[in-house]
Every structure is written in structure tokens, then in C-alpha cells.
Amino acid sequence: MQLGLIGLGKMGGNMRERLRRAGHTVIGYDRNPDLSDAASLADLVDKLEAPRVVWVMVPAGGPTQSVVDELGGLLSPGDIVVDGGNSRWSDDEKHAEELGAKGIGFVDAGVSGGVWGLQNGYALMVGGEKEHVERLRPIFDALKPEGPYGYVHAGKVGAGHFSKMVHNGIEYAMMQAYAEGWELLEKVDSVDNVREVFRSWQEGTVIRSWLLDLAVNALDEDPHLDRLKGFAEDSGEGRWTVEAAIDNAVPLPAITASLFARFSSRQDDSPQMKMIAALRNQFGGHAVESKK
């Protein structure tokens with residue numbers, strides 16, 4: 001099958017390679033000419049045979065909107081656009097309506113796999129009309145991991161990115177739990193080999209997971225994480241998950257707490273903790289530490 005792929009960064013570039021290894025023809029476009037197979041979006045569309053399929057792997061928001069707008073003027077009725085980035089599901093609905101008015105199909109694909117996807121395959125959560133999704137099955141089958149799992153047609157347009165958003169929210173909470181457990185183990189005097197404790201959990205425990213495996217990899221490289229600064233960004237998807245929970249009156253205490261924990265990592269001297277220390281001193285006479 002022939003595919004146009006826009007955005008050849010860490011994920012897009014590896015996706016192009018995995019698809020080519022599976023026998024598909026991929027014509028890629030990237031703003032970096034050293035990575036690109038086409039000189040422009042117009043050139044990319046010209047190189048594709050109708051009916052065309054164009055997969056977009058660019059940052060969510062403005063960049064994706066810009067590409068979709070340009071493709072809307074270049075593609076023809078019967079073509080399909082796939083958004084495989086981390087777009088908000090509500091943007092998918094808008095893009096599908098805009099392109100649908102021109103006879104162009106739209107499919108949203110939540111993609112998980114990161115830099116390991118080339119080797120292990122990508123988990124795919126897809127939203128869109130059945131006829132569009134089925135036409136793309138050869139591409140999905142090539143990208144997904146081997147075996148029966150790793151792909152789902154989650155529902156109508158927006159369902160793919162909504163599912164991926166919830167996936168990332170769960171990921172936030174899981175990472176936070178591992179991080180809190182690691183800090184507590186590091187803190188006590190009785191445990192003197194935290195890295196090997198984590199390693200021992202990789203087999204036979206109910207908390208074993210790929211995230212745990214990655215934690216062990218990180219500890220192998222830096223046993224006490226001394227080389228890292230305690231700062232963690234949050235993606236838009238973590239915030240969107242919490243916002244969706246509020247809109248749907250669904251309690252998400254663990255995921256919400258993990259998001260707010262990311263915010264605390266950005267404060268060298270937390271104002272909130274100053275107030276808590278002051279209040280504890282006022283009502284209980286607890287000691288406070290003053291700045292030197």
C-alpha cells in the first residue's frame with residue numbers, strides 16, 4: 001500500500017521505516033530536507049496515486065491545524081487524512097467536518113510506542129468511519145505489534161485520541177506510584193539496594209510492567225538518579241484527561257494527583273509548603289526551617 005507521511009521525527013521516522021520493512025511504499029515529508037522524500041506538501045500529494053492516504057505526525061494544535069488546512073486544498077474527494085499525533089479529540093471532530101465537506105475522509109489514530117515502536121510495534125487506538133478505517137487496515141497491521149493485540153477501532157471520529165488521552169492519564173498515575181515507592185525505598189536506612197529491589201519486582205509480582213522495566217533500565221544507568229534534576233513536564237493529554245473527568249463527573253483522584261505532582265516539581269521552594277509549615281507551627285508548635 002502507498003502512504004504519504006508528514007513529520008519524520010522520532011516517531012514518524014521510525015514509523016516510515018517499519019512500514020517500509022513490511023513492504024509498503026512510504027513517501028515522507030519533513031521540514032528538514034535531509035529527512036524528506038518530497039520538497040513540499042504539494043510535491044508529496046503529487047507523488048501519491050489516487051485515492052491517496054496521508055498520515056500526519058506533527059505536534060498537536062496549531063501545527064496540525066495548519067497541515068490539515070493545507071491538505072484540504074491539495075487533496076481530492078476519496079482521499080483520507082490520518083492524524084496520528086497527540087491531538088485533542090475535539091479537534092478531530094472539527095477536522096473531520098472540514099475535510100468531509102470536501103469529500104475527504106478523516107481518521108484519528110492514538111499511537112503509543114515511543115522510540116521503541118520500530119522494534120516492538122505501536123499500539124494503535126483508531127477513531128473514524130468503518131469504511132475509512134478498514135481501508136487503512138494494511139497500514140495498521142504493519143505498525144501494530146505482532147500478535148492479536150495492540151490495535152482497536154475504538155469508535156467514531158475522536159475516539160482514538162480520546163482513548164490515547166486516557167491511556168496517558170493512566171500512565172501518569174502508574175509512573176507517580178513507581179516514583180513515590182522509589183523515593184521511600186531510597187529514604188530508609190534499612191534498604192541498601194533499591195535498584196535490585198525494583199529488579200526483583202520484574203518477575204512474579206502484580207506490579208510488573210513495561211514501565212517497571214524502564215525504571216530498572218534508568219537505575220542501571222544512574223543507580224540513585226543523581227544526574228537528573230527533579231523536574232517533569234506534563235503533556236496536554238494529562239490535563240485533558242482531568243478536564244474530561246470534570247466534564248463527565250467521573251472521579252479520577254489518582255490521575256489528578258499525579259498531574260498536580262508534576263506541577264510541584266517545578267518549584268524549588270514551594271509556596272504551598274511554606275504555608276503548611278507555618279500552619280503546623282501555629283497549631284502544633286512544630287518546628288520550621290528558616291532560610292539561611
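As the structure is a prediction and not an experimental result, all values here were calculated from the model.
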Query raised in the report: Between Arg18 (side chain) and Leu118 (backbone), is there a donor-acceptor pair under 3.5 Å?
Result: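 Here the side-chain-to-backbone pair exists.
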Query - Backbone N/O of Ala159 and side chain of Ser163: donor-acceptor pair under 3.5 Å - result: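 Checking the backbone N and O of Ala159 against the side chain of Ser163, a donor-acceptor pair under 3.5 Å is found.
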Is it true that the side chains of [X] and [Y] contain a donor and an acceptor less than 3.5 Å apart?
X      : Y      : value
Asp213 : Gln202 : yes
Thr241 : Tyr172 : no
Asp91  : Ser87  : no
Asn217 : Glu221 : no
His167 : Glu237 : no
His24  : Gln2   : no

Requested in this report: Evaluate side chain to side chain contact (heavy atoms under 4.5 Å, CB included) for Thr25 paired with Met1, printing each intermediate quantity in order.
Outcome: CA-CA 6 Å; Thr25 299; Met1 186 171 175; over 6 Å; no
Query - Check against salt bridge (Lys or Arg N to Asp or Glu O under 4.0 Å), Arg262 and Asp234 - result: CA-CA 7 Å; Arg262 301 280 183 100; Asp234 68 286; over 6 Å; no
**Report entry** Check against side chain to side chain contact (heavy atoms under 4.5 Å, CB included), His161 and Arg88
**Finding:** CA-CA 7 Å; His161 281 145; Arg88 190 180 178 113; over 6 Å; no
Are there more than 12 heavy atoms of other residues, nucleotides or ligands under 6.0 Å from atom [atom1] of [X]?
X      : atom1 : value
Glu183 : CD    : no
Arg31  : CZ    : no
Glu97  : CD    : no
Asp226 : CG    : yes
Phe263 : CZ    : yes
Glu203 : CD    : no

Query raised in the report: Does one hydrophobic cluster hold both Leu212 and Val191, with members joined at side-chain heavy-atom distances below 4.5 Å?
Result: yes
Requested in this report: Say whether Leu185 and Leu228 are linked into one hydrophobic cluster, either directly or through other cluster members, by side-chain heavy-atom distances under 4.5 angstrom.
Outcome: yes
Report task. Show your reasoning for whether side chain to side chain contact (heavy atoms under 4.5 Å, CB included) applies to Val54 and Ile80. Result -> CA-CA 6 Å; Val54 180; Ile80 298 176; over 6 Å; no
**Report entry** With Leu71, the side chain to side chain contact (heavy atoms under 4.5 Å, CB included) member among Asp79, Ile6, Ile104, Leu44
**Finding:** Ile6
Query raised in the report: Please walk me through it: do Asp37 and Arg20 pass salt bridge (Lys or Arg N to Asp or Glu O under 4.0 Å)?
Result: CA-CA 13 Å; Asp37 305 312; Arg20 285 177 173 173; 2.9 Å; yes
**Report entry** Lys/Arg-Asp/Glu bridge criterion (N-O < 4.0 Å) met for Glu243, Arg239
**Finding:**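 No.
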Report task. Go through the steps for Asn168 and Lys164 under the test side chain to side chain donor-acceptor pair (under 3.5 Å), then give the verdict. Result -> CA-CA 6 Å; Asn168 280 25; Lys164 176 58 164 47; 3.1 Å; yes
Requested in this report: Look at the rings of Phe162 and Trp89 and say which category their plane angle falls in: under 30° parallel, 30 to 60° tilted, over 60° perpendicular.
Outcome: perpendicular
Report task. Decide yes or no on salt bridge (Lys or Arg N to Asp or Glu O under 4.0 Å) for Glu98 and Lys94, but give the supporting numbers first. Result -> CA-CA 6 Å; Glu98 292 170 350; Lys94 180 176 64 172; 5.0 Å; no
